[in-house]
Amino acid sequence: MITSTTDCGCESTLVAPAPLTTKDFRSDLKPIWCPGCGDYGVVTALYRALVAIGRPSHEIAFISGIGCSSRIPGYTTAYGFNTVHGRALPVAQGIKMANPDLLVLVAGGDGDGFSIGGGHVPHAIRRNLDLTYIVMDNHIYGLTKGQLSPTTPRGAKTSSSTYGSMEDPVNPLLYVLSYGAGFVAQGVPADMDGLAKMIEEAIRYPGFAFVNVQSPCITFGDPDDQLKIQKTKMRKLAAEGHDPSNWLRAMELAQDYGKELYTGVFYRNPNPPPTYDSQIRERQATLRPKVAAAG
Amino acid sequence: MITSTTDCGCESTLVAPAPLTTKDFRSDLKPIWCPGCGDYGVVTALYRALVAIGRPSHEIAFISGIGCSSRIPGYTTAYGFNTVHGRALPVAQGIKMANPDLLVLVAGGDGDGFSIGGGHVPHAIRRNLDLTYIVMDNHIYGLTKGQLSPTTPRGAKTSSSTYGSMEDPVNPLLYVLSYGAGFVAQGVPADMDGLAKMIEEAIRYPGFAFVNVQSPCITFGDPDDQLKIQKTKMRKLAAEGHDPSNWLRAMELAQDYGKELYTGVFYRNPNPPPTYDSQIRERQATLRPKVAAAG
Amino acid sequence: MLNDLIIGMAGSGGDGIVSAGESLISALAQDGYYAILTKSFGSQIRGGESSCRLRVASTPVLNPGGTLTVAVVLNWEDFLRFGGELPVGPGTVVIYEQKTKVAPDAIPLAVKPAIVRAVPMAELAMKSAGTLQAKNNVVLGLLAGWFGLARQSILEGLRKKFAKKGAEILQGNERAYAAGLDYADKNPLEGDWHFNPPQAGVGKRLITDGNELCASAALFAGCKFFGGYPITPATEIMQHLQRDIWKHGGSLLQAEDEIAGIAAVVGASFAGRKAMTATSGPGLSLKSEVMGLASLAELPLVCVNVQRGGPSTGLPTKSEQADLFAAAFSAHGDTVRPILAPISVEDMFGITVEAFNIAEQYQTPVIVLSDQEIAQRKDIVDPVDRSRFKLVERLEPTAAEMVDYTRFRLTESGISPLSHPGMKGGSYLAAGIEHNEHGDPCSSGEMHEQMNNKRLNKLNPLKQRRDLFLLEGDPTAEVGVISWGSIAGVALEAVRTARAQGLSVKLLIPKLLYPVAEEVYQDFFKSLRRCLVVEQSHQGQLHRIIRMWVNTPAEFTSLAKSGANPITPDDVLRRISAMTRATASA
Amino acid sequence: MLNDLIIGMAGSGGDGIVSAGESLISALAQDGYYAILTKSFGSQIRGGESSCRLRVASTPVLNPGGTLTVAVVLNWEDFLRFGGELPVGPGTVVIYEQKTKVAPDAIPLAVKPAIVRAVPMAELAMKSAGTLQAKNNVVLGLLAGWFGLARQSILEGLRKKFAKKGAEILQGNERAYAAGLDYADKNPLEGDWHFNPPQAGVGKRLITDGNELCASAALFAGCKFFGGYPITPATEIMQHLQRDIWKHGGSLLQAEDEIAGIAAVVGASFAGRKAMTATSGPGLSLKSEVMGLASLAELPLVCVNVQRGGPSTGLPTKSEQADLFAAAFSAHGDTVRPILAPISVEDMFGITVEAFNIAEQYQTPVIVLSDQEIAQRKDIVDPVDRSRFKLVERLEPTAAEMVDYTRFRLTESGISPLSHPGMKGGSYLAAGIEHNEHGDPCSSGEMHEQMNNKRLNKLNPLKQRRDLFLLEGDPTAEVGVISWGSIAGVALEAVRTARAQGLSVKLLIPKLLYPVAEEVYQDFFKSLRRCLVVEQSHQGQLHRIIRMWVNTPAEFTSLAKSGANPITPDDVLRRISAMTRATASA
Ligand SMILES: Cc1ncc(C[n+]2csc(CCOP(=O)(O)OP(=O)(O)O)c2C)c(N)n1
Ligand SMILES: Cc1ncc(C[n+]2csc(CCOP(=O)(O)OP(=O)(O)O)c2C)c(N)n1
Ligand code: SF4
Ligand code: SF4
Ligand SMILES: [Mg+2]
Ligand SMILES: [Mg+2]
């Protein structure tokens with residue numbers, strides 16, 4: 001259970017919490033994503049996950065970088081922060097360290113997370129703050145109109161690669177597993193139930209949780225990489241009998257990123273180590289009395 | 001064989017190359033490392049490797065960031081570039097792309113490479129330029145006098161962690177393997193022959209090659225982590241029968257970073273894919289005639 | 001007869017308003033006109049509101065102009081969203097979609113336009129082409145008909161455009177165009193709204209924008225490496241270059257971020273190649289540290305910064321001129337880097353070449369401050385005469401100088417011969433740390449002072465480059481105007497109008513913004529009692545920077561507006577008149 | 001009797017010269033003196049040359065001073081390496097190691113000092129303590145003996161220092177100290193070199209430095225989060241805080257780089273906590289982009305930038321004041337952020353508290369421009385009277401304001417109530433993109449102009465904060481001096497000396513450097529005909545920034561030297577005299 005005590009002095013939400021609905025999480029701002037963009041599915045799945053979690057929206061901080069996908073916090077009633085390109089994770093860590101009582105969500109694009117922001121990922125993971133990080137991986141730079149993203153496949157022709165990309169793409173799943181993430185999953189908006197459930201699980205996981213969403217860009221993305229095709233391509237890990245506590249197997253499956261469309265939980269640490277936030281509280285508690293004693 | 005043709009118009013070095021000695025690579029600048037610093041061993045090993053390679057020093061560009069270790073280019077007769085903290089790899093890539101004929105070496109500390117510069121490593125590797133990257137991993141910030149580095153073990157007390165570090169260290173070996181590096185090795189100055197040989201092999205590998213050197217900091221480092229102790233702790237991978245073409249086994253061995261002191265080649269891609277520099281040349285060659293034809 | 005026509009059109013994404021503007025400017029180029037086309041979009045990537053402005057004349061157009069001559073409204077909601085970007089005045093002809101069901105005397109505008117016409121555009125499109133998508137061609141027909149604009153060339157353009165789409169679609173669109181023409185012919189406008197014919201015998205003209213010209217200029221100047229990261233509105237520079245740079249034996253890196261991009265550029269420059277990056281505000285901020293490295297290591301590079309609305313992410317699709325402070329000062333320590341700014345699309349070519357020349361000559365990073373308007377608007381320009389430009393190569397050490405090579409030798413000019421890897425005898429240590437003449441690290445205060453002197457003073461000759469300043473008007477005027485970047489064209493038009501009205505005024509347009517050429521300004525100020533600096537930023541950044549270095553006239557004022565707030569020739573003209581009155585009455 | 005004593009000592013790493021300086025300043029603090037101790041090292045981490053300067057007086061010491069009263073040379077090579085940092089004059093007493101085999105009349109100095117003494121320091125150490133390591137205590141004995149300095153307190157200090165090392169070592173060092181004393185007694189100096197006794201009845205004093213005081217001030221001000229990355233000479237701020245911040249319920253992140261550091265600070269501030277970062281030049285450059293985000297999102301934070309020699313890596317261990325331009329302007333777009341600078345170690349406490357207060361009150365990032373000298377020199381200071389400081393908390397929305405909460409409401413002051421996660425009803429979208437009053441993304445030019453107005457004008461009241469300026473001297477003087485940061489203490493001493501010599505001069509020391517308080521300067525300038533700005537940078541950055549915003553006296557000149565080049569009270573005094581002469585003769 002996630003605790004909902006906050007130290008902000010405002011009305012406690014423990015008292016008779018009214019059941020929440022998706023309406024409680026949908027803001028008045030109308031999304032300006034292109035019709036058919038995969039990100040619509042992501043925000044819908046998120047609303048559902050948040051209903052299941054049951055924390056009131058004002059106890060949620062939702063942080064993103066810059067990109068089409070990074071607009072997502074504005075479409076929720078959480079405290080949103082659409083920061084600058086690539087810096088969502090450090091901002092989110094500052095928030096969580098400053099107030100560990102908050103539920104902190106982070107989201108953004110493949111470029112935001114694994115290109116300009118790629119240097120922050122290993123450190124966020126090894127620190128292991130209790131954050132949920134959702135990457136909307138469309139293999140393209142959507143907002144800037146279709147350049148190579150770090151997950152664009154080799155050979156792809158985009159507005160910045162007329163003759164085809166000459167580099168291997170990054171592998172977000174393999175990277176975060178190597179970094180030691182305790183929860184790693186991949187979802188598709190085409191499987192709304194699965195995605196919502198997965199995000200909920202990620203939030204419930206006590207520690208850094210990573211969800212890669214294959215969220216197609218209908219405007220600049222590969223036509224073979226759209227919602228309809230996802231339905232035929234996806235392979236549910238659960239159905240394939242994958243045991244999410246098996247890290248080595250997860251690493252093996254992750255190597256197929258870009259070839260196979262696995263969905264579900266790749267890895268969930270069966271013995272979650274203490275989070276950074278819990279260590280902070282502990283250190284504060286151990287050291288605080290000393291000051292008092294010293295006068 | 002490494003070709004030594006350059007397009008700079010200066011005297012070709014293919015004509016009767018005089019055999020080189022370490023003197024040809026040692027500069028007049030006297031190292032200002034602390035007496036006993038592991039980095040002395042690294043530069044010595046490098047001189048030896050360069051003698052074996054046989055490229056004249058003016059065809060070598062040697063790039064580093066900032067840190068004690070990053071001073072190393074100045075102690076060689078190569079064209080050196082002691083750039084800014086964390087940016088050695090991008091600078092080196094620009095050099096190699098601009099002039100693929102050069103032999104480009106990159107070096108720096110654990111902080112330079114995996115903290116501030118950590119975001120550049122996956123991209124340098126997936127691009128696969130023919131670079132050799134040597135990290136002098138001393139698990140500490142030497143130059144700034146002893147703060148936590150990204151490879152400092154959990155719990156360690158340093159000048160920036162009075163009560164002990166609360167984070168897991170990064171694992172350079174595992175990271176670069178996940179990033180797809182074609183050559184990954186680890187050496188110690190305590191084994192000078194092994195280290196020199198390994199650097200030579202790294203340079204000869206056609207593509208991105210990574211050498212992690214456990215190079216102790218005598219001034220701020222863990223006393224249990226010094227040259228003498230390395231000799232008793234090190235386990236040579238070759239002696240243990242490791243097959244460097246086995247990537248999965250390399251990943252497994254890499255997981256023991258910080259626990260076991262393995263030295264030698266963890267991984268060498270038996271079928272090196274084309275380098276980025278070769279693709280550049282190819283693209284230039286394919287496209288150039290078109291312009292001529294057009295007038 | 002009209003000499004100067006400004007058309008503004010707005011609709012929603014599907015209305016094809018921008019595409020109509022593009023067809024129109026193509027046809028106008030064919031016919032030998034000059035024109036400027038600017039586009040503006042809402043924040044959606046696809047769909048959402050969009051608009052364009054097209055200004056056309058038979059002589060070179062200085063700026064996109066102010067109040068519209070013709071407003072084309074496909075729906076009122078979208079039109080009004082663009083506010084001050086599409087200003088309607090009492091002289092404007094307003095043409096709007098009848099389907100919007102607004103009565104001509106009830107249109108939602110503050111002013112009463114000269115003529116208001118509700119046209120059944122959608123109906124004409126359906127009837128003629130069977131699809132609403134042809135509406136924009138109806139609009140083209142109306143414009144061609146009513147204003148006598150490129151009637152035949154528009155038709156030819158449509159034929160080319162739809163050639164591949166099959167006969168049916170092509171004919172539908174042709175019919176839509178004809179329907180518009182026909183409607184215009186049958187419902188003539190009161191008064192003479194026909195446009196001046198173009199000058200006769202004009203040569204082939206180009207439709208281009210600043211980003212495209214920047215890329216071709218870079219290749220012409222010998223740029224062999226580009227490292228950068230996508231960002232609006234600079235991305236197209238990279239996009240153009242990645243198509244062509246290989247053909248010139250160069251290469252391009254779409255880096256993982258802006259820092260890596262400029263770091264790679266520094267590397268390529270160290271390796272002896274001409275190299276550049278391009279970015280916009282946020283990227284410029286990120287590049288500060290490595291720009292400082294290039295200054296200290298005295299490595300040439302060009303950084304094009306296409307200004308957009310700031311601070312932070314700001315207004316990514318709008319033009320502003322508020323990155324001048326950052327360009328001049330955004331790195332710690334004492335550094336000066338030359339800053340150049342183009343004043344028009346056409347000018348972007350020469351400025352880019354100049355940037356490479358200065359970078360190589362003075363071994364320094366150079367910043368080109370373009371802006372979103374110059375970068376992305378489409379202009380009809382005369383073909384660039386490349387023979388006008390000389391290219392500069394960096395000073396390399398002679399064989400003699402490579403015996404005991406001294407990288408940072410303290411020469412009189414402050415410029416020391418620069419070797420690069422591959423040159424035997426030229427090895428040295430480049431670094432961000434302060435060095436002695438050999439390049440060895442050195443923390444002596446005296447050496448630091450000497451090296452600071454070298455790095456800063458070597459740029460002084462730039463201040464004598466009067467060719468980097470445009471001067472126009474009455475040399476003895478007591479009233480003056482200074483302006484820069486895309487807004488300079490507005491000031492130029494205002495000054496010309498003022499002089500045509502008999503006012504005594506002069507204008508200075510610096511293309512070299514930094515270092516501040518004290519003497520050029522002093523000379524300009526000599527006759528002045530009042531001077532106005534016109535620019536698109538909140539703080540009036542050039543106004544402040546001039547004050548830093550030059551003693552200014554007693555009244556030295558600023559006309560400055562934040563980005564996305566149009567500054568029109570009229571705005572400037574009013575200030576010139578006021579200054580003239582004040583001077584006369586004083 | 002001496003009133004003011006400046007001791008400079010240099011040797012190689014093993015000589016323990018710095019440790020001697022530290023022992024001496026501790027003893028002086030015990031005895032009720034004031035003193036400043038500065039250290040300087042070569043580029044080695046361990047070993048290499050090292051030096052220190054100690055200035056002592058019975059009244060507060062304003063700066064480390066210029067020419068040495070006493071020079072202690074353990075070997076000439078190392079001593080000379082420090083060049084201008086250890087200047088010897090005709091009035092200096094030079095004490096050097098006899099073993100260096102230099103004859104007293106052949107010492108390698110340009111001037112002839114007042115007294116030169118070759119002392120067998122090594123020999124005395126070996127004889128008394130049996131180890132060369134005791135040399136530094138011989139030196140302490142010499143100084144105590146010849147200058148009558150803290151004889152007893154030095155001994156007590158040595159006893160404390162060596163208590164844990166065992167009786168043998170302790171006694172050896174005691175004997176070495178005694179040997180020095182004895183040598184001094186037996187070989188008295190010609191003339192009266194004895195130092196003034198301290199003031200009687202002084203309270204307990206602190207030996208501290210700017211970085212340490214900054215950390216304690218931050219905790220006092222309520223700082224609950226620090227995010228940053230190590231960099232010389234700012235690292236100690238983080239190091240002090242990581243020991244103590246947890247005790248105050250806060251937390252600290254040693255981030256992976258400077259960008260992550262300040263991004264986390266922005267996050268903590270968004271979460272409702274007072275938060276800070278600390279860095280030096282290169283880090284400041286890297287933080288530019290996120291600083292801009294904080295300005296646009298109107299989130300309070302404090303960024304301490306400890307200036308070192310620049311540009312780029314520059315001179316990492318030397319002091320300079322050349323980051324003012326970067327602090328004021330290093331982010332794209334139109335932003336203004338308050339910049340404060342302490343003028344002494346002691347002042348660092350108040351300035352840090354003030355920085356937090358301003359940040360919270362005005363919802364803005366604030367930069368504190370400390371410098372290496374203030375950050376790392378050791379001063380004897382009176383204990384801080386914390387009751388002097390009021391703490392400011394940010395304005396939070398009332399319950400009523402949280403109904404349809406409007407984060408960026410356009411209020412008269414420009415300050416809008418700021419909620420944070422956890423407050424029911426206060427949810428909003430913070431962003432780097434331009435917004436309307438509610439915080440929703442908005443690209444309208446009019447809104448952009450209004451928001452720019454809000455963000456910039458809200459800081460205007462700061463310009464009325466005359467308490468952030470020190471003013472001293474003759475209010476009607478025609479000659480004036482302006483100075484800031486650690487160099488201000490030099491200017492202050494010079495102005496006091498000048499006035500003691502009967503010159504009419506006044507001094508303005510701004511601690512608020514930006515925004516420029518036009519009126520304060522105007523008032524200061526009113527009586528002036530000549531004004532000099534004294535600062536440690538090549539370009540004279542404050543001098544230029546004042547020009548940007550204020551009309552200056554006819555002669556407005558700059559005394560500026562690059563970092564690591566000492567500026568002494570004498571330098572300033574000479575300029576004051578020259579200005580006075582020029583004014584008199586005009
Ligand atoms: C510092 C900086 N660099 C570049 C940009 C321009 N930019 C905005 S979003 C983006 C990438 C978008 O791709 P991604 O993160 O994958 O998100 P998507 O739009 O595809 O959802 C870029 C390059 C920026 N806003 N800031
Ligand atoms: C942008 C920037 N940030 C911080 C620093 C300060 N700094 C210099 S080296 C260094 C870390 C040194 O550690 P490492 O890279 O491991 O090298 P080592 O000294 O241990 O060999 C730091 C933090 C800097 N010079 N520039
Ligand atoms: S451009 Fe692509 S990612 Fe962006 S909103 Fe449109 S479909 Fe979605
Ligand atoms: S501080 Fe450590 S890493 Fe640096 S030179 Fe000394 S021993 Fe080597
Ligand atoms: Mg994307
Ligand atoms: Mg290290």
Side-chain angles (χ1 to χ4, degrees), chain B residues 6-11 13 27-29 32 56-63 66 71 73-74 76-104 119-120 122-124 127 277 280 283-292, chain C residues 219 224-227 243-257 259-275 277 289-290 292-294 296-297 299 301 396 399 402 419-433 435 438-441:
Chain B
T6 62
D7 65 349
C8 61
C10 60
E11 174 191 349
T13 52
S27 75
D28 297 336
L29 216 58
I32 55 172
S57 64
H58 68 275
E59 295 177 6
I60 304 174
F62 191 3
I63 319 308
I66 297 284
R71 288 171 165 158
T76 75
T77 51
Y79 275 86
F81 199 166
N82 195 184
T83 67
V84 289
H85 195 35
R87 314 303 168 192
L89 278 176
V91 172
Q93 290 172 81
I95 294 171
K96 186 72 182 173
M97 287 183 71
N99 184 357
D101 292 322
L102 299 172
L103 167 57
V104 183
H120 305 301
H123 303 284
R127 279 177 207 127
D277 18 320
I280 289 175
R283 185 168 281 184
Q284 288 169 340
T286 333
L287 293 173
R288 212 189 296 236
K290 286 196 194 153
V291 146
Chain C
L219 293 175
K224 291 285 181 285
F225 184 79
F226 177 98
R243 248 196 294 99
D244 297 331
I245 198 165
W246 320 94
K247 304 175 188 168
H248 299 255
S251 57
L252 178 140
L253 180 72
Q254 180 182 328
E256 56 271 24
D257 60 24
I259 299 177
I262 192 163
V265 167
V266 166
S269 178
F270 174 72
R273 304 288 188 262
K274 293 188 182 178
T277 187
E289 192 205 6
V290 178
L293 171 65
L296 191 124
L299 290 171
L301 68 86
E396 291 189 351
M402 283 201 287
S419 66
H420 62 77
M423 293 175 76
K424 197 170 171 180
S427 295
Y428 72 101
L429 179 68
I433 205 160
H435 46 238
H438 271 90
D440 299 338

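Just so we're clear, the structure is a prediction, and the values are computed from it rather than from any experiment. Every chain is numbered from 1 and lettered A, B, ... according to where its sequence line falls, protein lines coming before strand lines.
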| What are the two closest heavy atoms between B:N99 and C:P421, and how far apart are they? | ND2-O, 4.4 Å
| field | Inter-residue atom distance B:H58.NE2 - C:H420.NE2, 0.5 Å rounding | value | 11.0 Å
| Any B:R87 side-chain heavy atom under 4.5 Å of C:V266 side chain | no
| query | Using non-hydrogen atoms only, which part of B:A88 is less than 4.5 Å away from chain C: side chain, backbone, both, or neither? | reply | neither
| message | When you measure from the side chain of B:Q93 to the backbone of C:A264, do you find a donor-acceptor pair of N or O atoms at a distance under 3.5 Å? | response | no
| task | State, to 0.1 Å, how close B:R288 and C:K247 come at their nearest heavy-atom pair, and which atoms those are. | result | CG-O, 3.2 Å
| Winner by heavy-atom pair count (cut-off under 4.5 Å) against chain B, out of C:G227, C:G432, C:G249 | C:G249
| message | Can you tell me which of C:A297, C:S427, C:A271 forms the most heavy-atom pairs within a distance under 4.5 Å of chain B? | response | C:S427
| field | Residues forming a side-chain hydrogen bond (donor to acceptor under 3.5 Å, both in side chains) with C:S251, sequence neighbours excluded | value | none
| message | I need the minimum non-hydrogen distance between C:G267 and B:I95, along with the two atoms involved. | response | O-CG1, 3.1 Å
| task | Identify which of C:V265, C:D244, C:I259, C:I245 forms the greatest number of heavy-atom pairs closer than 4.5 Å to chain B. | result | C:I259
| Below 4.5 Å, heavy atoms only, C-beta onward: do C:F270 and B:T83 meet side chain to side chain? | no
| message | Using 0.5 Å steps for rounding, measure from the NE2 atom of C:H248 to the CD atom of B:Q284. | response | 11.5 Å
| query | Just how far is it from atom CG of C:D440 to atom CG of B:D28, taken to the nearest 0.5 Å? | reply | 8.5 Å
| B:R71: partners by salt bridge (Lys or Arg N to Asp or Glu O under 4.0 Å), with sequence neighbours left out | none
| query | Any donor and acceptor pair, going by atom type alone, linking the side chain of B:Y79 with main-chain N or O of C:G422 inside 3.5 Å? | reply | no
| task | Can you see which heavy atom on B:P90 is nearest to which on C:E256, and at what distance? | result | CG-OE2, 4.5 Å
| field | Side chain, backbone, both or neither of C:E396 within contact of chain B (heavy atoms, under 4.5 Å) | value | neither
| query | Roughly how far apart are C:H435 NE2 and B:N82 CG, rounded to 0.5 Å? | reply | 12.0 Å
| said: Taking side chain as everything from C-beta outward and backbone as N, CA, C, O, which of these in C:I262 sits under 4.5 Å from a heavy atom of chain B? Side chain, backbone, both or neither. | reply: neither
| query | Any side-chain heavy atom of B:L29 within less than 4.5 Å of one from C:P441? | reply | yes
| query | Heavy-atom distance under 4.5 Å between the side chains of B:M97 and C:R273, does that happen here? | reply | no
| message | Using every non-hydrogen atom in the two residues, find where B:L287 and C:W246 come nearest and quote the distance to one decimal. | response | CD1-CB, 3.6 Å
